[in-house]
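Only a predicted model underlies this, so the values are computations on that prediction, with no experimental measurement involved.
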Amino acid sequence: ILHRADFATHKQLTDVSLIGARGETLASSIVVDSTKPMKDIMVSISDLRNEKSGKTIDRSAFDIRVVKRWYRARYSWNKIVRNEERELLPNLLIHNDDLIYVDQISQKNYVLLGHKKQKYHALDDISESLKETKWGYHPEIWDFYIKDSKTLQPFDVGPNQFQQLWINADIPNDTPSGIYSGKISFRTVGFELVLPLSLEVLSFDLRPHDMVYSVYYRGNLSDGPARISSEYKTVYQMGIELENMRAHGITNPSVYQYY
């Protein structure tokens with residue numbers, strides 16, 4: 001979502017209802033909208049419980065992220081070309097909204113870098129500072145250390161502004177069918193909104209898809225240090241990337257590994 005007009009006709013939520021099968025990852029989105037400034041908004045989800053069986057779905061099954069609107073090359077949705085023109089796009093999911101600062105006057109993105117002492121650096125300046133080595137333009141992660149938080153952090157919403165949230169719900173494979181109920185809460189200083197949240201787990205399992213899903217994956221195992229690169233990977237880096245692809249339905253990525 002880019003503009004308030006995109007959801008102007010939608011009504012305010014009174015409850016949140018989800019439905020899915022065991023082993024499925026459900027994706028949903030909520031928009032926090034305000035006419036006045038709100039600081040340090042916290043969003044949380046409780047455990048969900050089936051009243052008939054007493055079974056529960058732990059709150060850790062839910063992952064809430066901020067949908068960050070930041071500047072990308074124009075047409076980057078559908079073209080792989082270098083373009084100096086920029087447009088604001090909502091295509092980054094992060095837990096810590098402060099990880100990226102967006103200057104809408106200069107149309108620049110600033111990223112919070114540093115292992116022990118952190119400060120903002122313009123992404124444009126980082127790109128220009130890269131020097132080619134025997135590894136190409138692939139710096140070590142310690143040169144440009146960036147790390148998102150593990151869970152959603154408090155965020156602000158300015159006057160007449162909004163913040164879109166993305167929520168993934170991983171339904172465990174052994175979850176009995178039925179309706180599980182809990183709450184989703186929005187809290188800040190002087191304000192609290194608690195909405196009923198329900199998740200219906202269907203009585204059947206989804207069969208594996210007939211289609212084979214793939215993606216161009218250029219990763220190669222390297223004996224060198226961990227790098228920011230689409231090519232050179234440590235065992236740990238490649239492992240978490242393959243796990244992430246599998247979690248998103250990619251079961252047969254391309255293999256560039258040399259033997």
Side-chain angles (χ1 to χ4, degrees), residues 1 6-7 10-33 40-69 90-97 99-100 147-155 157 162-188 192-211 213 215 239-251 253:
I1 295 177
D6 294 336
F7 58 89
H10 293 201
K11 296 181 179 180
Q12 180 176 325
L13 280 176
T14 56
D15 65 284
V16 178
S17 299
L18 304 173
I19 182 171
R22 286 179 287 268
E24 186 178 6
T25 297
L26 304 179
S28 59
S29 187
I30 290 176
V31 175
V32 178
D33 183 35
D40 295 330
I41 302 171
M42 274 301 303
V43 183
S44 60
I45 292 176
S46 69
D47 295 340
L48 274 58
R49 186 174 186 272
N50 184 298
E51 295 299 331
K52 292 183 178 180
S53 66
K55 300 291 185 179
T56 61
I57 297 177
D58 192 85
R59 68 191 67 189
S60 62
F62 293 87
D63 179 35
I64 312 173
R65 297 176 187 250
V66 165
V67 180
K68 192 71 177 185
R69 291 169 291 158
N91 67 351
L92 181 65
L93 301 179
I94 51 179
H95 288 127
N96 181 9
D97 188 43
L99 188 67
I100 305 287
K147 187 175 183 180
D148 193 13
S149 303
K150 292 184 178 181
T151 58
L152 182 68
Q153 299 301 297
F155 59 89
V157 174
F162 69 91
Q163 179 59 65
Q164 183 182 6
L165 302 176
W166 193 269
I167 304 175
N168 279 344
D170 292 321
I171 306 178
N173 292 319
D174 59 351
T175 306
S177 59
I179 297 177
Y180 294 75
S181 301
K183 297 177 181 179
I184 180 169
S185 303
F186 304 81
R187 294 186 175 90
T188 187
E192 180 180 28
L193 175 64
V194 181
L195 300 177
L197 170 64
S198 67
L199 169 57
E200 181 181 355
V201 179
L202 299 171
S203 59
F204 57 84
D205 297 326
L206 296 176
R207 57 172 288 182
H209 205 286
D210 292 332
M211 293 184 65
Y213 289 94
V215 66
I240 59 176
E241 289 178 358
L242 292 175
E243 288 176 2
N244 184 265
M245 283 187 276
R246 179 60 184 257
H248 288 83
I250 304 297
T251 55

Handout entry: Side-chain ion pair, D63 and R65, N-O less than 4.0 Å
Key = yes
Handout entry: Least distance between heavy atoms, V67 atom then L93 atom
Key = CG2-CD2, 3.7 Å
Practice task
Ignoring hydrogens and angles, tell me if any N or O in the side chain of S29 forms a donor-acceptor pair with the backbone of L165 under 3.5 Å.
Solution key: yes
Handout entry: Backbone N/O of R59 and side chain of D47: donor-acceptor pair under 3.5 Å
Key = yes
Problem - CG on L18 to CD1 on I179, rounded to 0.5 Å - result: 12.0 Å
Handout entry: Reported OG-to-CD1 distance for the pair S185 and I45, which is rounded to 0.5 angstrom
Key = 9.0 Å
Exercise for the section: Count the heavy atoms of every other residue, nucleotide or ligand shown that sit under 6.0 Å from CD of E192, and state whether that count exceeds 12. Expected result: yes
Exercise for the section: Ignoring hydrogens and angles, tell me if any N or O in the side chain of Q164 forms a donor-acceptor pair with the backbone of F162 under 3.5 Å. Expected result: no
Practice task
Looking only at non-hydrogen atoms, find the nearest pair between M211 and H209 and report the distance.
Solution key: N-ND1, 2.9 Å
Practice task
Return yes if some donor-acceptor pair links the side-chain N/O of E243 with the main-chain N/O of I240 below 3.5 Å, else return no.
Solution key: no
Practice task
Look at the side chain of H95 and the backbone N and O of L152, then say whether any donor-acceptor pair between them is shorter than 3.5 Å.
Solution key: no
Completion exercise
Rounding to 0.5 Å, atoms CD1 (I184) and OG (S44) come to a distance of 8.0 Å
Handout entry: Closest contact, heavy atoms only, G23 versus N173
Key = CA-OD1, 3.0 Å
Practice task
Could you check if a side-chain atom of T175 sits within less than 4.5 angstrom of a side-chain atom of I57, using non-hydrogen atoms only?
Solution key: yes
Handout entry: Minimum side-chain heavy-atom gap F155-N96 below 4.5 Å
Key = no
Handout entry: Side-chain donor-acceptor pair present, D170, T25, cut-off under 3.5 Å
Key = yes
Handout entry: Interatomic distance, L197 atom CG to F62 atom CZ [nearest 0.5 angstrom]
Key = 5.0 Å
Problem - Side-chain heavy-atom pair I171, L26 within 4.5 angstrom cut-off - result: yes
Problem - Minimum heavy-atom distance D210-R207, with the two atoms named - result: OD1-NH2, 2.8 Å
Handout entry: Gap separating the CG atom of L99 from the CD atom of Q153, nearest 0.5 angstrom
Key = 10.5 Å
N/O donor to acceptor pairs below 3.5 angstrom from side-chain atoms of residues 199-206, sequence neighbours left out:
residue: D205; atom: OD1; partner: R22; partner atom: NE; Å: 2.8
residue: D205; atom: OD1; partner: R22; partner atom: NH2; Å: 3.2

Handout entry: I30/F186 under side-chain contact (heavy atoms from CB on, under 4.5 Å): CA gap, chis, key distance, verdict
Key = CA-CA 11 Å; I30 290 176; F186 304 81; 4.2 Å; yes
Problem - Residue pair D15 / S17, side-chain donor-acceptor N/O under 3.5 Å - result: yes
Exercise for the section: Examine distances only and state if a side-chain atom of K68 and a backbone atom of D97 form a donor-acceptor pair shorter than 3.5 Å. Expected result: yes
Completion exercise
Interatomic distance, CG@D174 vs NZ@K55, rounded to 0.5 Å, equals 8.5 Å
Problem - Backbone of A61 reached by a side-chain donor or acceptor of D58 within 3.5 Å - result: no
